Amino acid sequence: MSVRTLPLLFLNLGGEMLYVLDQRLRAQNIPGDKARKILNDIISTMFNRKFMEELFKPQELYSKKALRTVYNHLAHASIMRLNQASMDKLYDLMTMAFKYQVLLCPRPKDVLLVTFNHLDAIKGFIQDSPTILHQVDETFRQLIEIYGSLSAGEFQLIRQTLLIFFQDLHIRVSTFLKDKVQNSNGRFVLPVSGPVPWGTEVPGVIRMFNDKGEEVKKIEFKHGGDYVAAQKEGSFQLYGSRVLKLGTNMYSVNRPVETHLSAESKNLASRTQENIAPNPLAKEELNFLARLMGGMEIKKTSSPEPGFRLNLFTTDEEEEHAALSRPEELSYEVINIQATQDQQRNEELARIMGEFEITEQPEITEQSASKGDDLLAMMDRL
């Protein structure tokens with residue numbers, strides 16, 4: 001397991017989250033000024049300096065539930081609210097999109113180009129906010145400084161760590177199914193054509209060398225694909241063409257995107273119910289969340305704005321049906337962590353909860369009001 005994987009995982013998933021939210025804000029005809037403010041608030045929180053400092057510390061990945069809790073708070077760092085079903089769908093879209101990108105990376109190092117594509121697009125959302133642009137550029141520079149000198153072997157370990165994280169996720173996404181890059185069982189189709197990784201040759205030749213390193217024989221074979229040589233390498237600098245298209249916004253063309261649990265995922269869920277007792281990593285994950293969320297500073301506004309609920313489904317009926325039909329075993333509220341039993345940790349979480357408080361919003365719906373933003377309660381529901 002690589003201890004340098006978490007920043008790449010978080011930034012890429014965060015980029016996919018922003019793509020989906022931007023698409024849904026446009027689809028629901030949210031006024032441009034309000035939509036920009038929502039994205040600005042989320043991006044400002046996401047790239048907060050203290051938060052990034054905690055994120056970039058060498059550390060192992062934690063569970064999907066722990067990370068999802070971070071994204072739940074991040075998505076609610078503005079006046080926008082998502083109920084449980086929409087948050088589930090948002091997280092499904094985020095994870096499956098990035099899993100697809102990791103699988104298709106021509107070489108392990110290209111996961112950094114995928115990250116840069118996400119950050120380039122994020123900068124496009126905040127063109128009129130120089131302060132937030134500076135935050136994103138600072139993260140860019142950290143990525144270049146830390147990851148620019150890593151070896152191919154270290155990037156291979158990062159890629160393997162990411163694939164282990166995603167290995168049991170087989171959720172079908174309508175866009176992927178229509179483009180025929182995903183099968184009906186939720187598994188992705190890997191292409192046997194296109195550019196080969198930069199610095200490598202097109203398959204089809206076997207070369208044999210003697211003990212002096214001289215080529216003595218060459219054999220050609222049919223590789224069965226339609227490969228071409230890479231024209232140039234993508235830029236690993238602050239600016240420049242990334243060449244690689246993985247990680248760009250697939251929602252730039254407005255089209256509905258649905259997610260469905262594959263039969264394989266449903267069967268897996270029915271066989272692997274989680275224990276309601278805390279797992280051995282529960283305390284470490286709680287510490288991780290406390291540190292990570294402690295860096296998320298949400299600015300309090302002087303004048304309250306009316307909040308609104310964003311629906312990731314076409315209608316409220318579809319959202320309600322998704323909430324009822326999702327297998328209980330796949331919910332993200334399984335592990336029971338009794339944070340209140342640890343007085344010191346309780347005080348720390350109470351402090352963090354205070355930092356997450358947003359100016360009180362008018363009650364939108366009974367359902368959204370029942371969610372609450374109490375971090376202690378959320379930790380108990382993990």
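Numbering of residues begins at 1 and proceeds along the displayed sequence. What you see is a predicted model; the values in this text were computed from it and never measured.
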- Query: When you look at L11 and L143, which way does the side chain to side chain contact (heavy atoms under 4.5 Å, CB included) test go after all the steps?
  - Reply: CA-CA 11 Å; L11 292 171; L143 286 168; 3.9 Å; yes
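- For the pair N72 and Y91, the minimum side-chain heavy-atom distance is 4.5 Å or more.
- Here CD1 of I38 is found 7.5 Å from CG of L310. Values are rounded to the nearest 0.5 Å.
- Between the CG atom of L133 and the CZ atom of F125 there is a distance of 12.5 Å, given to the nearest 0.5 Å.
- Under a 4.0 Å N-O distance rule, the pair R141/E138 qualifies as a salt bridge.
- The two atoms that bring M17 and I42 nearest to each other are CE-CG2, 3.9 Å, heavy atoms only.
- The 12-atom threshold is exceeded at CD of E215, counting heavy atoms of other residues, nucleotides or ligands nearer than 6.0 Å.
- Under the 4.5 Å side-chain contact rule for hydrophobic residues, F155 and L104 share a cluster.
- Note that the NE2 atom of H134 and the CD1 atom of I126 stand 11.5 Å from one another [nearest 0.5 Å].
- Of the charged side-chain nitrogens involved, none lies within less than 4.0 Å of a carboxylate oxygen, so that K123 and D120 do not count as a salt-bridged pair.
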Could you check W198 against D110 for side chain to side chain contact (heavy atoms under 4.5 Å, CB included), going step by step and ending with a plain yes or no? CA-CA 10 Å; W198 172 257; D110 287 337; over 6 Å; no
Walk me through whether R49 and E53 qualify under salt bridge (Lys or Arg N to Asp or Glu O under 4.0 Å). CA-CA 6 Å; R49 182 179 59 81; E53 286 176 359; 2.8 Å; yes
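- In this structure a side-chain-to-backbone donor-acceptor pair under 3.5 Å is missing from N249 to Y19.
- For the pair D33 and K37, the salt-bridge criterion is not met [side-chain N within less than 4.0 Å of a carboxylate O].
- Under the 4.0 Å criterion applied to side-chain N and carboxylate O atoms, E54 and K50 are not assigned as salt-bridge partners.
- With a 6.0 Å radius and a threshold of 12 heavy atoms from other residues, nucleotides or ligands, Q127 has its CD atom above the threshold.
- The shortest distance between side-chain heavy atoms of Q237 and F116 does not fall below 4.5 Å.
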What do the steps show when you test F236 against I144 for side chain to side chain contact (heavy atoms under 4.5 Å, CB included), and what is the final call?
CA-CA 7 Å; F236 287 91; I144 293 170; over 6 Å; no
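- M96 and V189 fall into different hydrophobic clusters, where Ile, Leu, Val, Met, Phe, Trp and Tyr side chains are chained together by heavy-atom contacts under 4.5 Å.
- Taking each heavy atom of F47 and L119 in turn, the nearest pair found is CZ-CD2, 3.5 Å.
- Side chain of R81 to main chain of S78: a donor-acceptor pair is present (N/O by atom type, distance under 3.5 Å, no hydrogens or angles).
- Here the shortest heavy-atom pairing between P197 and P106 reads CG-O, 3.0 Å.
- With a 4.5 Å cut-off on side-chain heavy atoms, L21 and M80 count as touching.
- Here the CD1 atom belonging to I132 is positioned 10.0 Å from the CG atom belonging to L39, to the nearest 0.5 angstrom.
- Separation of atoms OG (S174) and CG (D179) is listed at 9.0 Å; rounding is to 0.5 Å.
- Side-chain N or O atoms of N183 include none that pairs as donor or acceptor with a backbone N or O of N185 at under 3.5 Å.
- Within the 4.5 Å cutoff, the side chain of R68 has heavy atoms near those of the M87 side chain.
- Side-chain contact between T248 and R242: absent, with no pair of heavy atoms (C-beta onward) separated by less than 4.5 Å.
- Hydrophobic cluster membership is shared by L9 and F188, with clusters built from Ile, Leu, Val, Met, Phe, Trp and Tyr side chains linked at under 4.5 angstrom.
- Looking only at distances, no side-chain donor or acceptor of Q182 sits under 3.5 Å from a matching main-chain atom of F176.
- From L93, atom CG reaches atom CG of D88 across 11.0 Å, with rounding to the nearest 0.5 Å.
- Y147 contributes a side-chain N or O that, together with a main-chain N or O of R4, makes up a donor-acceptor pair within less than 3.5 Å.
- No donor-acceptor pair under 3.5 Å is formed between the side chain of S2 and the backbone N or O of L157.
- Under 4.0 Å is where a charged nitrogen must lie from a carboxylate oxygen, and between K89 and D92 no such pair does.
- Put simply, the side chain of L150 reaches to within 4.5 Å of the side chain of I158, judged on heavy atoms.
- For the residue pair Q167 and I164, the shortest heavy atom distance occurs at CG-O, 3.3 Å.
- Although no hydrogens or angles enter the test, the distance criterion places a donor-acceptor pair under 3.5 Å between the side chain of N210 and the main chain of G213.
- Looking only at atom types and distance, the side chain of Q142 has no donor-acceptor partner in the side chain of T139 under 3.5 Å away.
- Residues V114 and V243 are members of separate hydrophobic clusters, defined by side-chain heavy-atom contacts under 4.5 angstrom among Ile, Leu, Val, Met, Phe, Trp and Tyr.
- Contact of the L67 side chain with the L6 side chain is registered, since non-hydrogen atoms from C-beta on lie closer than 4.5 Å.
- Scanning all heavy atoms of the two residues, the minimum distance from I30 to A35 falls at CG2-N, 4.1 Å.
- Salt-bridge annotation for D128 and R36: absent, with no side-chain N of the basic residue lying under 4.0 Å from a carboxylate O of the acidic one.
- No side-chain heavy atom of F98 sits under 4.5 Å from any side-chain heavy atom of F165.
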List the steps, then state whether side chain to side chain contact (heavy atoms under 4.5 Å, CB included) holds for E201 with V196. CA-CA 7 Å; E201 296 182 13; V196 297; over 6 Å; no
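- With respect to K99 and E16, no salt bridge is recorded, no charged nitrogen being found less than 4.0 Å from a carboxylate O.
- The same ILVMFWY cluster, assembled from side-chain heavy atoms under 4.5 Å apart, contains both L13 and F56.
- Here the closest non-hydrogen pair linking V202 and V228 is CG2-C, 3.7 Å.
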